[in-house]
Amino acid sequence: MWLRCTSKCVFASLSRSYNNVLSRSFNIAAFMPEAAGFEGVSDRAALQEFSLSNSDHFWAAVARHRLTWISPFHTVQDCDLSRGRIKWFEGGKLNVSVNCLDRHVHTCPEKVALIWERDEPGSEVKVTYRSLLDMTCRLGNLLRRRGVKKGDCVTIYMPPCPLAVASMLACARIGAAHNVVFAGFSAEALAERIRDAQSSTVITVNQGVRGGRVIELKKTVDTAVEGCPSVKQVFVAMRTENPVVMTDRDVSMEEEMKLEDAVCEPAAMDSEDVLFLLYTSGSTGKPKGLVHTQAGYLLYALLTHRYVFSYHDGDVFGCVADIGWITGHSYSVYGPLANGGTTVLFESTPVYPNPGRYWEMVQRLRINQFYGAPTAIRLLLKYGDHWVHKYDCSTLKTLGSVGEPINTEAWEWYHRVVGDGRCPVVDTWWQTETGGICIAPRPSDPDAEIVPGMAMRPFFGMKPVLVDGEGKLLTSNNTSGPLCLAQPWPGMARTIHNNHQRFIETYCQPYPGYFFTGDGAHRSEEGYYQITGRLDDVINVSGHRLGTAEIEDVVNHCPAVAESAVIGYSHDVKGQAVYAFVVLKKEVGVPEEDLSQLLKDMVSKSIAKYACPDQIQFVQRLPKTRSGKIMRRVLRKVVEQDLGGLGDLSTLDDPAAVQEIVQGHQDLCSAENKAFTS
């Protein structure tokens, strides 16, 4: 029922145009009403400085003005980065679903909250705030009736759709945490996340639809929960008309929701109660469940959504990220809804049914802000300008980029062709750990320069710093180093689920007193920040972070494999691709070509298809230090064909191994070139 309903679009214009404000002399109170109470603040530069030097005053004012509280907070922050202690707005009580739904229903119930851009082109579904609240309350009551309690964690394995958003908000309404798992993950990857989250309830759909293909999501869940004894019930919504096998454990969600009341009492949640877990790859084989809490996360998501993209009432915000990632959480769901906005849920792919899908959608839905991944931009660039020019994209006001640094060629095409040279491109840097955007070209003066491929400017309250190898602060410009954040902010993750020590060791101990991001950055002569990439063993494939150890663990499970080493290398479309070096056990009687396909299939089944190695090179041995550590730095240089950058190999246990690998790589490249030209 709720997956196939429609309602008319009604917008209420409740705020003055941001551009009209800017065309006159700058009015700081019109830009940010709270700033009227900030002494000495009359422009953006002063506001940025105030947000750092008077952090408590800044965040307290914003929290009181922009969130609806059940009980006020008494302490703005109690944070010690060196010890991994992060607490914001203690004493305060609120409900996130009330902030995202009820308060907007009171003022504009028929305003469109969600536009579900279904896989089938031209079949969008619009859901008003009133309808979304109804859906959320019925589902919240159903979860309560079926035994879900405050503090439980519900795993959600669904494609982007209104019921997925209602599932997230229903959990928030009754005080349960949610654990959304990307619906492209395999049964094994899903099971691992269910077990770690200790979920007794899973929510899914019968089938997914993406790129014209039907995906058997319920079957994936069935396989996953076989290894999850904690799971007692699986709620199943119907995305397609096709029936699926239902067991005693399964609940027909939409049928049961019809029986529930449309009013659900919201739980009063402490500011630091858990809102959700979201799993991200780490440098060990085990994904880490990052924990985000109620008030701080919501405040940071709504503030960054409002100011980075210059979102105003009546705009249609088009974030095409999946809800299974932090981008979908913050900028498809929580940020836009907390701001009372209209947000697009994109179910399809950039090239279905053709490479004009995004731009036809922009024209049809009259999208004002478009937020997507560099991978997709690079892919669409290759199809040519005519797919963009075929459609009217004049409603666009801001273009955003997320997931990885965007290269200059893609940035310029995005700006020139998609944005017609008039839309600012905001290349945003942030992470699952940060909860929201930390560095971006906007907000800034409307005529302030934007440098292609640079994140540039820190957001309010953010203080990025660069350090050297010994942890000393690099204070000059035109310098590079590990990127750290020097002050806590409300949206940051609080811990890793069931493993706070790992949180401290990963983020707080590398550079005591700072939050270590794991990324490297360059600060230009002008003081702008450019992200240079990961410093740890994490690969960024099409905006998806993959731990090298996670892939190696799968490869090493093959009986024919002795050991392996996985690295990321540059890829024109995906940003990075996966390259696996594999050492076989002796006397393996399987052709390498067959073994290569077997390993790719194993990775696809255990993690996801996008994690599959693009290249597999079989080697006799791996380059290791005398202590046994695999030198991935050396392997990266070989793949990048930067043999001059191999550096000192004298620390290796057997330097001759490198030459063997170099020769093998050259042979592999030669064979590929022959196959390509023949």
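Just so it is clear, the values below take in all heavy atoms, side chains as well, and ignore hydrogens, waters and symmetry mates.
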Q: Starting at CD1 of Ile439, measure out to OG1 of Thr428 and round the result to the nearest 0.5 Å.
A: 10.5 Å

Q: Under 4.0 Å between a side-chain nitrogen and a carboxylate oxygen: does that hold for Arg130 and Asp134?
A: no

Q: Distance-only, no hydrogens or angles: does the Ser271 side chain make a donor-acceptor pair with backbone N or O of Gly92 under 3.5 Å?
A: yes

Q: Please test Asp152 against Thr201 for side-chain contact (heavy atoms from CB on, under 4.5 Å), starting from the C-alpha separation and ending with a verdict.
A: CA-CA 9 Å; Asp152 289 350; Thr201 300; over 6 Å; no

Q: Going through the distances and angles, do Leu277 and Cys153 end up as a side-chain contact (heavy atoms from CB on, under 4.5 Å)?
A: CA-CA 8 Å; Leu277 311 183; Cys153 184; 3.9 Å; yes

Q: Using a 3.5 Å distance criterion without hydrogens, assess whether the side chain of Asp420 forms a donor-acceptor pair with backbone atoms of Arg422.
A: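 Side chain of Asp420 to backbone of Arg422, a donor-acceptor pair under 3.5 Å: no, none is there.
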
Q: For the pair Lys390 (side chain) and Gly356 (backbone), establish whether a donor and an acceptor sit closer than 3.5 Å, ignoring hydrogens and angles.
A: no

Q: As an exercise, state the distance from CG of Leu190 to CZ of Phe182, rounded to the nearest 0.5 Å.
A: 12.5 Å

Q: Got a second to check how far Leu169's CG is from Leu139's CG, nearest 0.5 Å?
A: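 These two atoms lie 9.5 Å from each other.
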
Q: Is it true that Tyr300 and Trp430 have ring centroids separated by less than 6.0 Å?
A: no

Q: Specify whether Phe276 and His329 have parallel, tilted or perpendicular ring planes, treating 30° as the upper limit for parallel and 60° as the lower limit for perpendicular.
A: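 Rings of Phe276 and His329: tilted, 30 to 60°.
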
Q: Please evaluate residues Glu260 and Arg144 with respect to the criterion salt bridge (Lys or Arg N to Asp or Glu O under 4.0 Å), reporting the C-alpha separation (whole Å), side-chain torsions for both, the decisive distance (0.1 Å), and the verdict.
A: CA-CA 11 Å; Glu260 298 296 336; Arg144 273 182 176 154; over 6 Å; no

Q: Restricting to side-chain contact (heavy atoms from CB on, under 4.5 Å), what partner residues turn up for Cys137, sequence neighbours left out?
A: Leu133, Arg173, Cys264

Q: Within a reach of under 6.0 Å around NZ of Lys150, are more than 12 heavy atoms found that belong to other residues, nucleotides or ligands?
A: yes

Q: Does Arg364 CZ have over 12 foreign heavy atoms under 6.0 Å away?
A: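 Result for CZ/Arg364: enclosed.
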
Q: Donor-acceptor check, side chain of Arg306 to backbone of Leu302, threshold 3.5 angstrom: yes or no?
A: no

Q: Using the salt bridge (Lys or Arg N to Asp or Glu O under 4.0 Å) rule, take Glu120 and Arg239 through it: C-alpha gap first, then chi angles, then the decisive distance, then the call.
A: CA-CA 12 Å; Glu120 303 87 349; Arg239 168 59 180 91; 3.0 Å; yes

Q: Between Ser330 and Gly435, is there a donor-acceptor pair closer than 3.5 Å when you use the side chain of the first and the backbone of the second?
A: yes

Q: Which residues satisfy the side-chain contact (heavy atoms from CB on, under 4.5 Å) test with Asp392, sequence neighbours excluded?
A: Gln363, Ser394

Q: Before we go on, tell me: are the rings of His305 and Phe317 under 6.0 Å apart, centre to centre?
A: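 They qualify: ring centres under 6.0 Å apart.
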
Q: Looking at Val291, is its backbone amide N or carbonyl O close enough to the side chain of Arg494 to form a donor-acceptor pair, meaning the two atoms are under 3.5 Å apart?
A: no

Q: Using 30° and 60° as the class limits, which term best fits the ring planes of Trp325 and Tyr610: parallel, tilted or perpendicular?
A: perpendicular

Q: Would you please test Leu380 and Trp387 for side-chain contact (heavy atoms from CB on, under 4.5 Å) and show each step?
A: CA-CA 9 Å; Leu380 296 174; Trp387 283 108; over 6 Å; no

Q: Could you walk me through whether Arg210 and Glu347 pass the salt bridge (Lys or Arg N to Asp or Glu O under 4.0 Å) check?
A: CA-CA 6 Å; Arg210 190 168 187 267; Glu347 185 182 41; over 6 Å; no

Q: Check the angle between the aromatic planes of His292 and Tyr297 and answer parallel, tilted or perpendicular using the 30° and 60° thresholds.
A: tilted

Q: Taking the six-membered ring where the residue is Trp, are the ring centres of Phe459 and Tyr307 under 6.0 Å apart?
A: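 No: the rings miss the under 6.0 Å criterion.
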
Q: Give a yes or no on whether the backbone of Thr280 and the side-chain of Thr432 come within a donor-acceptor separation of less than 3.5 Å.
A: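 No; zero donor-acceptor contacts below 3.5 Å.
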
Q: Starting at CZ of Phe235, measure out to CG of Leu142 and round the result to the nearest 0.5 Å.
A: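 Between atom CZ of Phe235 and atom CG of Leu142 there are 4.5 Å.
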
Q: Is a side-chain donor or acceptor of Tyr331 paired with a backbone partner of Val320 at a separation under 3.5 angstrom?
A: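 Side chain of Tyr331 to backbone of Val320, a donor-acceptor pair under 3.5 Å: no, none is there.
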
Q: Counting N and O atoms only, with roles assigned by atom type, does the side chain of Thr343 sit under 3.5 Å from a partner on the main chain of Ser332, one being a donor and the other an acceptor?
A: yes

Q: Taking Val112's backbone N and O only, do any of them form a donor-acceptor pair with Thr128's side chain (distance below 3.5 Å, no angle check)?
A: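 Not at all, since once roles are kept as given, no pair shorter than 3.5 Å links the two residues.
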
Q: If every non-hydrogen atom of Gly140 is compared with every non-hydrogen atom of Ile174, which pair is closest and at what distance?
A: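 Scanning both residues, the minimum pair turns out to be O-CG2, 3.6 Å.
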
Q: Residues in side-chain contact (heavy atoms from CB on, under 4.5 Å) with Ile450, at least two apart?
A: Trp411, Pro424, Pro441, Arg442, Met456

Q: Taking atom CG of Asn179 and atom CE of Met168, what is their separation to the nearest 0.5 Å?
A: 10.5 Å

Q: If the plane angle is over 60° it's perpendicular, under 30° parallel, otherwise tilted; pick one for Phe370 and Trp359.
A: tilted

